Amino acid sequence: MEKNLQALANAMNEMVSQGQLVEAAEKYYSSNIKTIEFDGRITEGKQSAMKKLTDFVSSIQKVKEITLVWSASDDNASFSEFILDLDMKDGSNIYLHEIVRSLWENGQVIEERYFKG
């Protein structure tokens, strides 16, 4: 399953790298997705996760950079390191160096946890 999982992770990462965050989530998140933020906040269910992501994306003024640094997978988990540099509509800048750990089941992400890189 690892090769198939890495192929799925690569496809999702490619969409994210192209700024298609919402589209990638829509395609790969399972209906029972659970996301866990840096600070421990949890979002459960695809509808809630999509609202959170859509709200975040709609607050972006300009995407300066989304770079995939590396990706790996093992068993049912994939790990992706990203650098994101975003100018926000409120005038702030968000620079994230994050690692995303995704747990997969039946070709969909059932849990995503974000770590500061």
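Here the structure is a predicted model, which means the values were calculated and not measured.
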Hey, is the main chain of L86 close enough, under 3.5 Å, to the side chain of N93 for a donor-acceptor pair?
yes
| So, does S48 use its side chain to make a donor-acceptor pair with the main chain of G45 at under 3.5 Å? | no
* **Within-4.5 Å side-chain heavy-atom neighbours: Y29 and I110** => no
- Query: If two hydrophobic side chains count as joined below 4.5 Å and joins carry through other members, does F79 share a cluster with I36?
  - Reply: no
Check: Do the side chains of M15 and I33 join up, straight or via other hydrophobic residues, at under 4.5 Å, putting them in one cluster?
Finding: yes
Item checked: Verify same cluster id: V100, L96 (apolar side-chain graph, 4.5 Å) -> yes
- Short question: side chain of S30, backbone of V109 - any donor-acceptor pair under 3.5 Å? yes
L5 and S78 have their tightest heavy-atom pair at CD2-N, 4.4 Å
Problem set entry | Donor-acceptor under 3.5 Å (K27 side chain, Q108 main chain) | no
Original post:
Quick check: does any side chain N or O of D39 sit under 3.5 Å from a backbone N or O of R41, one acting as donor and the other as acceptor?
Top reply: yes
- Message: I want to check something: taking the side chain as every heavy atom from C-beta on, are F38 and E98 in contact at a cut-off of under 4.5 Å?
- Response: yes
OH of Y28 to CG of L8, rounded to nearest 0.5 Å, is 6.0 Å
NZ of K64 to CD1 of I94, rounded to nearest 0.5 Å, is 12.0 Å
dist E26:CD -> L21:CG (nearest 0.5 Å) comes out at 13.0 Å
Have E112 and S102 got a donor and an acceptor in their side chains that come within less than 3.5 Å? yes
Practice task
Say whether Q6 and S71, considering side chains only, have a donor N or O and an acceptor N or O under 3.5 Å apart.
Solution key: yes
query: Between E111 and T35, does a side chain to side chain contact (heavy atoms under 4.5 Å, CB included) hold up when you go through it step by step?
result: CA-CA 6 Å; E111 183 178 295; T35 64; over 6 Å; no
Distance col, row D87:CG vs Q61:CD, nearest 0.5 angstrom, shows 8.0 Å
Tested for side chain to side chain contact (heavy atoms under 4.5 Å, CB included) against S80, the lone hit among V16, N13, V69 is N13
Q) Hey, is the main chain of K46 close enough, under 3.5 Å, to the side chain of K51 for a donor-acceptor pair? A) no
More than 12 foreign heavy atoms under 6.0 Å from CD of E65: is that the case here? yes
Here the gap from I99 atom CD1 to F82 atom CZ, rounded to the nearest 0.5 Å, amounts to 11.5 Å
Salt bridge (Lys or Arg N to Asp or Glu O under 4.0 Å) test vs E37 passes for just one of R113, K52, K116, namely K52
Nearest heavy-atom approach of K89 to I60 is CE-O, 3.6 Å
_Stepwise side chain to side chain contact (heavy atoms under 4.5 Å, CB included) check, F115 with E81_ = CA-CA 9 Å; F115 300 90; E81 180 182 5; over 6 Å; no
Here the gap from L53 atom CG to S58 atom OG, rounded to the nearest 0.5 Å, amounts to 9.5 Å
Discussion item. Applying a strict under-4.5 Å side-chain criterion to I, L, V, M, F, W and Y, I'd like to know whether V63 and M12 cluster together.
Written reply: yes
